[in-house]
There are 2 protein chains.
Amino acid sequence: MSYQSRKQIILKILDEKGDVDVKELAQVLETSEITVRRDLGTMAADGLLYRTHGGAMRLSLVNQPISFVQKSAVNAEKKDHICRIAAAQIQDGDVIFMDCGSTVFRMCSFIRDKRIKVITNSLPVVHELLNSAVSVNLIGGEVDPERQAVHGTMATEHVRRYQADKAFLGVGGISVEKGLSAVSEKEAEMTLSMAANAQVTYLLCDSSKLGKDKYLTFAPLSIIDVLVTDEQDSEVIQAFSKAGVQILN
Amino acid sequence: MSYQSRKQIILKILDEKGDVDVKELAQVLETSEITVRRDLGTMAADGLLYRTHGGAMRLSLVNQPISFVQKSAVNAEKKDHICRIAAAQIQDGDVIFMDCGSTVFRMCSFIRDKRIKVITNSLPVVHELLNSAVSVNLIGGEVDPERQAVHGTMATEHVRRYQADKAFLGVGGISVEKGLSAVSEKEAEMTLSMAANAQVTYLLCDSSKLGKDKYLTFAPLSIIDVLVTDEQDSEVIQAFSKAGVQILN
DNA sequence: TTTGATTTGTTCAAAAATAATCAAAATAAA
DNA sequence: TTTATTTTGATTATTTTTGAACAAATCAAA
């Protein structure tokens with residue numbers, strides 16, 4: 001049995017169990033311990049595993065995989081409903097903006113296989129679409145650790161350079177009277193920039209946010225074209241509709 | 001039996017089992033081992049299989065993509081040595097560039113507690129510094145999934161807007177004769193941009209890359225100021241020193 | 001901290017696999 | 001048919017891989 005074959009087996013065991021010891025491998029591979037040690041040595045040098053005393057460990061256990069923790073999955077079902085509808089609006093070839101809202105993030109799993117370009121300031125979105133059919137353009141600027149997103153002058157300017165077919169945005173609150181409101185100026189600025197440079201602006205908004213205002217009101221209702229929500233035909237919805245916003249639910 | 005017929009059989013066995021050894025094939029094909037070896041040799045040259053000692057393997061088993069985490073684990077000790085030295089050059093208040101090299105990535109753990117600003121095009125670096133004392137500026141542009149980094153025109157332009165105290169860069173290879181070389185044009189472009197906009201340019205380079213040239217040579221030695229390496233006083237090092245590069249090791 | 005057991009690195013020799021060279025056999029071309 | 005070319009197998013030298021032996025390093029328990 002060649003080194004390459006042993007390597008495959010070792011990797012497989014490591015993938016299943018997470019760790020192995022030399023003696024165990026020597027038995028499984030029907031070879032001597034010294035050979036196993038040599039194999040583990042070269043594999044460690046190639047960065048395929050982490051060598052421990054007496055054995056080896058899977059790298060992912062040592063060096064935690066890169067992943068972004070998402071905001072609590074509050075209203076997960078509602079959000080998924082909204083995202084399904086929003087994703088259906090996208091066609092292959094589209095260029096779309098996606099902001100750093102938690103609802104917008106959930107769209108990722110519904111657009112992985114689309115041949116589109118996504119321009120975003122959200123790190124979790126980038127991470128989620130990294131190995132997908134989607135081509136990603138990341139907006140540059142100051143990283144906001146709390147929101148895991150990019151904001152600031154540079155980011156705004158970056159957005160201004162691009163023209164998108166559609167923008168998919170989140171928001172803190174929305175009402176007919178006061179329009180759009182946010183909890184942070186940074187997010188508000190990004191929302192405005194994206195809306196300004198997109199042909200059609202979709203607002204993804206679960207029913208808990210409808211008719212609510214957050215501390216910073218920053219834009220009139222008119223900057224959005226379509227409101228995607230889970231709320232069925234209610235008074236609030238009809239008010240939005242009357243105010244000239246198209247409703248999808 | 002002709003080579004073509006044997007080839008078909010070998011490929012079929014390989015497809016079913018994943019690997020074979022020469023002796024086994026010699027029996028099945030009713031021919032000598034030397035002939036089998038010759039067959040495997042030509043087939044490997046044609047890219048039909050991967051030749052191992054004593055046999056062959058299916059290509060799909062061998063060609064597994066190497067993740068960034070894995071790459072950064074190669075020569076880990078050397079890299080950590082280099083990173084410790086590099087990190088010691090940084091003072092609170094500094095603005096620094098960091099590129100998407102795997103050695104540069106390892107610097108993260110040594111600079112987490114510094115009060116500095118890091119400007120980078122590397123997603124792993126951003127992730128690693130997300131919850132640290134470091135303030136991060138992310139370079140925007142097209143995301144390259146393979147390198148987990150941002151490149152392109154927009155990225156280059158972004159860098160041009162900033163002036164940094166220090167740049168910490170990786171490279172594919174470096175030699176006194178040909179200067180800096182890279183495996184991709186994108187990386188080369190980013191290296192050039194960062195070097196151009198930094199007061200002092202540090203090249204982080206473990207000994208395995210010294211004196212080696214990669215396919216794309218893109219810059220003279222003069223664009224770097226300091227070479228940080230693990231290689232102790234050797235001929236190669238002295239040559240670099242004589243060429244005007246400061247050495248840290 | 002010391003002790004004892006285990007693991008590892010190193011060196012070396014045996015074994016296995018390969019490369020290189022050359023001649024015989026099979027095949028194709030004139 | 002003869003001649004040239006390709007393919008194959010045998011032989012030998014070289015390289016790679018493997019396992020054993022032993023000193024050094026490491027770990028765990030007393």
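We name chains A, B, ... by the order of the sequence lines, and we start the count at 1 in each one. From a predicted model like this one, the values you see are computed outputs, not experimental measurements.
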Whether the [X] and [Y] side chains hold a donor-acceptor pair (N or O, under 3.5 Å, no angle test) is what I'd like checked.
X	Y	answer
His158(B)	Asn137(B)	yes
Thr42(A)	Lys7(A)	no
Lys78(B)	Ser207(B)	yes

**Study point:** Five-pair end axes of the helix from dT1(C)-dA30(D) to dA30(C)-dT1(D), angle between them (10°)
**Key:**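 The angle separating the two end axes equals 40°.
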Check your understanding: Relative to each other, are the rings of Tyr202(B) and Phe168(B) parallel, tilted or perpendicular (30° and 60° limits)?
Key ->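 Taking Phe168(B) first and then Tyr202(B), their aromatic rings lie parallel (interplane angle under 30°).
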Ignoring backbone atoms, establish whether [X] has a side-chain N or O less than 4.0 Å from OP1 or OP2 of [N].
X	N	answer
Thr35(B)	dG9(D)	yes
Lys23(A)	dT7(C)	yes
Arg51(B)	dT18(C)	yes
Thr31(A)	dG19(D)	yes

Could you check how far [atom1] of [X] sits from [atom2] of [N], rounded to whole Å?
X	N	atom1	atom2	result
His53(B)	dT16(D)	NE2	P	7 Å
Leu29(B)	dT8(D)	CG	P	11 Å
Arg6(B)	dT7(D)	CZ	P	9 Å

Practice item. For Thr42(B), report the nucleic acid contact type (base, sugar-phosphate, nothing); a contact means any heavy atom under 4.0 Å. Key: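 The answer is nothing, as Thr42(B) stays clear of every strand by at least 4.0 Å.
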Study note, to complete from the structure: Its contact letters, B for base, S for sugar-phosphate only and - for none at protein heavy atoms under 4.0 Å, make nucleotides 21-26 of chain C read ------
Point to revise | Contacts of type salt bridge (Lys or Arg N to Asp or Glu O under 4.0 Å), residue Arg161(B), not counting sequence neighbours | key: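 So Arg161(B) forms a salt bridge (Lys or Arg N to Asp or Glu O under 4.0 Å) with Glu157(A).
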Point to revise | Arg160(B)/Ser193(B) under side chain to side chain contact (heavy atoms under 4.5 Å, CB included): CA gap, chis, key distance, verdict | key: CA-CA 7 Å; Arg160(B) 235 197 316 264; Ser193(B) 307; over 6 Å; no
Review point. So does Lys242(B) pair up with Glu235(B), basic N to acidic O under 4.0 Å?
Key: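 Result for this pair is no, no salt bridge flagged.
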